Amino acid sequence: MPLPAAFRIPRVRIGRPALLWWGWAAALFLLYATVSARRQALVRTTGYDLGIFEQAVRAYAHLDAPVAPLRGDGFNLLGDHFHPVLAVLAPLYRLAPSPYTLLLAQAALLALAVVPLARQAVRVMGRRAAHVVALGYGLSWGIASAVGFDFHEVCFAVPLVSWALEALARRNWRRAVAWGVPLLLVKEDLGLTLAAIGAYVAWRGPRRLGLATAALGLLGSALEFKVAMPFFNPAGTYAHAANLAPAHHSLLTTLLLAPLDAVRPEVKATTLVLVFAPAALIALRSPLALIAVPTLGWRMLSTNAFHWGTAFHYTAVLMPVVFAALIDALRPYAAAGDPLARRHVRASLATVLAVTLVLVPSFPLAQLAHRSTWRTDPHVLAVRGLLRHIPDGATVAASNRLAPQLTSRTTVVLFPTFPVEGRLYERDPAVPRPTAQWIAYDRRPAPSWPYPPGTWPYPADRQEREYALALTRYGYVRVAEADGVSLLRRAARDSAR
């Protein structure tokens, strides 16, 4: 007897369009998760930044303030960057307390951003074009660089921006604003991106809604910079204010020379070109590309050289902008229907595909093709064996690449006792006496993109001196040593003091 129609399970057709974008999301998740998981398994992740973020999420999971000992003694991470959105991961982390939880969540969020892009590409240019857009976004160097360097809060912004841009392209103004407003909870500078979305709405849609959104974005970022982060920061200031210092002696000169400063030194100009290169520069024809201006502006005018190049996670939020603008730029040609216009669309997509394939080997997704990615060398085995000696709940001063191996079950700072009194990148002052119960020191960490081989935060000779002092003056004894990794424990009589 057949079931009533109301109770019948609908049949899913293989050709259903939604399978295209969700299929791409699933495939990209597996790709990103594999790269991230192998980096963690091979001790290529770092305390700065995966360990720091894990400490914050671990605190949220136990209903505590997001204090990150790696960042400083008692340092509330909301005083470093404003990202309360991290609390969303707390329930997942409570169920699975591991750095892999953060890495897999990041992989999922970055992969989800392909859904609105592929969906809009299907509407505008058809299924074949959507595959090219999905592949271009999925293998783009901005996303690859984020996947290849630990975990960062910006992974939450990538799908939010992607969905907001789809709504802008479809002139669904209220939905675009709704997707954009949560950016205020992701990072302090993203209020400027929300303001750009508002400006676009005011230009192309309802002016009042757009102006209100732009004002909300600017006011939100201003309050986070001037009020929220100084309130949480132990020093009572914005932790990265030096990055925004005027480049010249006067504010007027800084403003007048800003266009030139944005493209010099030449690494900045190279990055600006590479940002739009995955879309073969075609995205620059679309006004949607203007949504990238706030992020590009603060990066190119920052005094921090890390912000200027292609490494790290700073470009991830721009990749949805680039590909949404690409689709928008090709829309008139796809709608024209004449042979010349169709040929232009095909040639443009072929160029996008070619550029994507050319750039892939230079960025972290190519690590999957390296034999070393799939081989566990003796150094990794030595790390795993030695760290098992450290009991859960202990305090540990660990080398940068050992920290994420311990943050889920111990309290970790960087060896040797870093940062100094909460200050970053200090080199000259004397390092305070270590107080951790254990020291895990790796004197020859493996190469790990984007960092070259070597020790951090101090030069190798400085760390060797601190290691020797721990043994000769600070009451530590060597427990075990293998393949350049040393494990020290504070002597019982010293621990009792």
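Only heavy atoms go into these numbers, but all of them, side chains included; no hydrogens, no water, no symmetry mates. In this text the structure is predicted, and so the values were computed from the model without any measurement.
The two atoms that bring Pro234 and Gly74 nearest to each other are CG-O, 4.5 Å, heavy atoms only. Contact between Pro404 and Gly51 at its shortest, heavy atoms only, is CG-N, 4.4 Å. The shortest heavy-atom contact between Ala283 and Ala289 is O-CB, 3.6 Å. Closest of all the heavy-atom pairs between Leu117 and Ser162 is CG-OG, 3.5 Å. Closest non-hydrogen pair, Ala277 versus Leu281, comes out as N-CD2, 3.9 Å. Scanning all heavy atoms of the two residues, the minimum distance from Ala130 to Val122 falls at CB-CG2, 3.3 Å.
No donor-acceptor pair closer than 3.5 Å links the side chain of Tyr60 to the backbone N or O of Val88. Using a distance-only test at 3.5 Å, with no hydrogens or angles considered, no donor-acceptor pair links the side chain of Thr213 to the main chain of Gly198. Checked by atom type and distance alone, the side chain of Thr271 pairs as donor or acceptor with a backbone atom of Trp308 at under 3.5 Å. One N or O on the side chain of Arg299 and one on the backbone of His307 form a donor-acceptor pair closer than 3.5 Å. Of the possible donor and acceptor atoms, none in the side chain of Asp328 sits under 3.5 Å from a partner among the backbone N and O of Ala169. With hydrogens and angles ignored, the 3.5 Å screen pairs a side-chain donor or acceptor of Thr373 with a backbone N or O of Gln367. A donor-acceptor pair under 3.5 Å is formed between the side chain of Arg39 and the backbone N or O of Gly148. With Thr237 contributing its side chain and Ala239 its backbone, the two residues share no donor-acceptor pair below 3.5 Å. Between the side chain of Ser408 and the backbone N or O of Ser98, no donor-acceptor pair lies under 3.5 Å. With hydrogens and angles ignored, the 3.5 Å screen pairs no side-chain donor or acceptor of Gln463 with any backbone N or O of Tyr441.
Within the 4.5 Å cutoff, no side-chain heavy atoms of Asn233 are placed close to those of Asn76. Using a 4.5 Å cut-off on side-chain heavy atoms (C-beta onward), Leu102 and Tyr93 make contact. A 4.5 Å side-chain heavy-atom check between Phe75 and Val67 finds every atom pair outside the cut-off. Looking only at side-chain heavy atoms (C-beta outward), Leu78 and Pro66 come within less than 4.5 Å of each other. Looking at Leu359 and Leu139, their side chains never come closer than 4.5 Å, going by heavy atoms from C-beta outward. Looking only at side-chain heavy atoms (C-beta outward), Gln120 and Arg170 come within less than 4.5 Å of each other. Contact of the Thr356 side chain with the Val132 side chain is not registered, since no non-hydrogen atoms from C-beta on lie closer than 4.5 Å. Between Gln55 and Pro69 the shortest side-chain heavy-atom distance falls below 4.5 Å.
Here the SG-CG distance, from Cys155 to Leu89, works out to 7.0 Å after rounding to the nearest 0.5 Å. Residue Leu103 holds its CG atom at 8.5 Å from CD of Glu54, rounded to the nearest 0.5 Å. Atom-to-atom distance recorded for Arg401:CZ and Asp442:CG is 8.5 Å, nearest 0.5 angstrom. Atom OG1 of Thr295 is separated from atom CE of Met300 by 10.0 Å, given to the nearest 0.5 angstrom. The CZ atom of Phe276 sits 7.0 Å away from the CG atom of Leu318 when rounded to the nearest 0.5 Å. Between Met229 atom CE and Leu223 atom CG the span is 11.0 Å, to the nearest 0.5 Å.
Between the side chains of Glu153 and His81, not a single donor N or O lies within less than 3.5 Å of an accepting N or O. There is no side-chain donor-acceptor pair under 3.5 Å between Thr45 and Asp150.
Remark: Arg444 CZ is packed, more than 12 non-hydrogen atoms of other residues, nucleotides or ligands lying under 6.0 Å away. Taking a 6.0 Å sphere around CZ of Arg38, one finds it holds more than 12 heavy atoms contributed by other residues, nucleotides or ligands. Sparse packing is recorded around CZ of Arg207, with 12 or fewer heavy atoms of other residues, nucleotides or ligands lying under 6.0 Å away. The 12-atom threshold is exceeded at CH2 of Trp298, counting heavy atoms of other residues, nucleotides or ligands nearer than 6.0 Å.
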* Kindly determine whether Val158 and Leu109 satisfy side chain to side chain contact (heavy atoms under 4.5 Å, CB included), including the steps that lead there. => CA-CA 7 Å; Val158 177; Leu109 289 164; over 6 Å; no
* Given the rule in the side chain to side chain contact (heavy atoms under 4.5 Å, CB included) test, do Thr407 and Leu70 qualify, once you have shown the distances and angles that lead to the verdict? -> CA-CA 10 Å; Thr407 39; Leu70 279 163; 4.1 Å; yes
* To do: Check the pair Trp374 / Leu368 against side chain to side chain contact (heavy atoms under 4.5 Å, CB included), numbers first and verdict last.
  => CA-CA 8 Å; Trp374 304 103; Leu368 292 181; 3.7 Å; yes
* To do: Verify side chain to side chain contact (heavy atoms under 4.5 Å, CB included) between Ser140 and Met319, making sure each step is shown before the conclusion.
  => CA-CA 7 Å; Ser140 62; Met319 291 298 97; 3.4 Å; yes
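Between His344 and Tyr333, the ring planes are tilted. Angles from 30° to 60° get that label. A parallel orientation is assigned to the rings of His313 and His152, their planes being inclined by less than 30° (bins at 30° and 60°). Ring-plane geometry between His240 and Tyr238 is classed as perpendicular, the angle between the planes exceeding 60 degrees on a 0 to 90 degree scale with a lower cut at 30. Ring orientation note: the planes of Phe312 and Phe149 are nearly perpendicular, at an angle over 60° on the 30°/60° scale.
A salt bridge is defined here as a Lys NZ or Arg NE, NH1 or NH2 lying under 4.0 Å from an Asp or Glu carboxylate O, and Glu166 with Arg123 meets this definition. Salt-bridge formation is not detected for the pair Asp64/Arg58: no Lys NZ or Arg NE/NH1/NH2 atom is positioned less than 4.0 Å from an Asp or Glu carboxylate oxygen.
Of the listed residues (Phe156, Trp179, Trp21), just one forms a ring pair (Phe, Tyr, Trp, His ring centres under 6.0 Å) with Trp163, and that residue is Trp179.
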